[in-house]
Amino acid sequence: MTRLIKTRASDEVYTQNTKFVVYTERQLERIAPLQQLTAEQRFEMRVVANVLPFRVNQYVIDELIDWNNIPADPIFQLTFPQRGMLAPEDYDRMAEALMREAERSEIQAIANDIREKLNPHPAGQQEMNVPMLDGEPLPGMQHKYRETVLFFPSQGQVCHTYCTFCFRWAQFIGDKELRFASNEADSLHRYLAQHKEVTDLLITGGDPMVMKTHHLKGYLDGMMRPELDHVQTIRIGTKSLTFWPQRFVTDPDADELLALFTRLVRGGKHVALMAHFNHWREMETPIVREAIKRIQATGAVIRAQAPVVQHINDDPDVWARMWRTQVRLGIVPYYMFVERDTGAKRYFEVPLERTWQIYREAIQQVSGLARTARGPSMSAGPGKVEIQGIDVINGEKVFILRFIQGRNPDWVQRIFFAKYDPEATWFDDLVPAFGEEKFFFTDEYNAMQEQAGA
Ligand SMILES: *Cc1c(COP(=O)(O)O)cnc(C)c1O
């Protein structure tokens, strides 16, 4: 269905896709442009999609992917499974089972076996960050850093499309145990009322923007009560501007959603849409441009963050152009992340040294207004750790690191040094420099882990 949306007399926005149509592993064969691939390539996708989550919608297929540039196209890499995402022995095992048309239960068992090896719960998320209310744990919430509480509404635990590199992939494979989710607006509000140190609520998922507006209202309208006045910022983590900008333009409850943002802003909250953009190509369609304008007209601010991932954006020019585009559109560049040590990381990971070079070479190309992007940052167990640089100190080559966020707020802004390692791709690969046995926070962090039973 093609619909012409008239926004202003002089400004017409076209989109072919106003009805949300989505494909998963079982419907791979129905995705028309995939027919240009060989049967073998399509089988490879099936093998991977039986282990890792796969979900893509028609807008992404029709309007974001350049099908003349397959498989290199960054949006194709962002959304479609690739053989290299599984270790060869794991790939072969699943391929063999599919080839002989094994029972569903056997396929499931093999998939679960492989998934277990892919570090489904990075950075101790399950055990360590669970807040307590009246002596009971609140499973749909995480409270790791003093100022910010994460909330995972149960209706928001999918996405319009899944990113192939997602660090929350384990939530999407149907295993309820792996999922944090809550439908308890009441316990959210009560917890926040008891924690005056919290200034930010971050609604996340999945993607909270898959929720109907009336569900979101249930969580958010209550935030304007006087006892929650200390929560000044409502952040919404979302990839919907990339995967379904229609959410803010043509969806039946789009206007109601924007009215909710306006109400929150008028009620004194800062509403921050934490948009996930990996590539400037995600911001080029007329409908995403319209969505951005509509969100901004409510007084909400869009901030942008993403990890550096191989095959998609491991190129400083891509980041520089992305940040420049964001500034032009009034979006604030926020974080550049290091890809986490989970899921298909073997396919996506970039050495820390290279990630830092990409950051530096990208930042050098942009004006100060785009240098609000911090990073590269690793969301590790002890905190968010930024790679500040690589240098030689007292004759030893080192990584210079700094806490942007810490489990203990006292760690924030402290600098520390790790031995240079050209192969390191994640925090856990690093060891202290200068022959020291541990980092300054190691003992304290170990004690925190023990206390949490992690
Ligand atoms: C990144 C993150 C936050 C937010 O940190 P900011 O630096 O304030 O953006 C909060 N909680 C968790 C668990 C995080 O990983």
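Atoms within each ligand, like the ligands themselves, are counted from 1 in listed order.
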With a 6.0 Å cut-off on the ring centroids, do [X] and [Y] count as close?
X    : Y    : value
H143 : Y191 : yes
Y445 : F439 : no
F54  : Y162 : no

Scan side-chain atoms only and decide if Y219 and Q155 contain a donor-acceptor pair under the 3.5 Å cut-off.
-> yes
Excluding sequence neighbours, so at least two apart, what forms side-chain hydrogen bond (donor to acceptor under 3.5 Å, both in side chains) with W280?
-> none
What residue among V56, T242, V60, T161 forms side chain to side chain contact (heavy atoms under 4.5 Å, CB included) with I75?
-> V60
Please list, by chain and number, the protein residues whose heavy atoms come under 4.0 Å of ligand 1.
-> K144, Y145, T148, L150, R235, Y334, Y335, K384, Q405
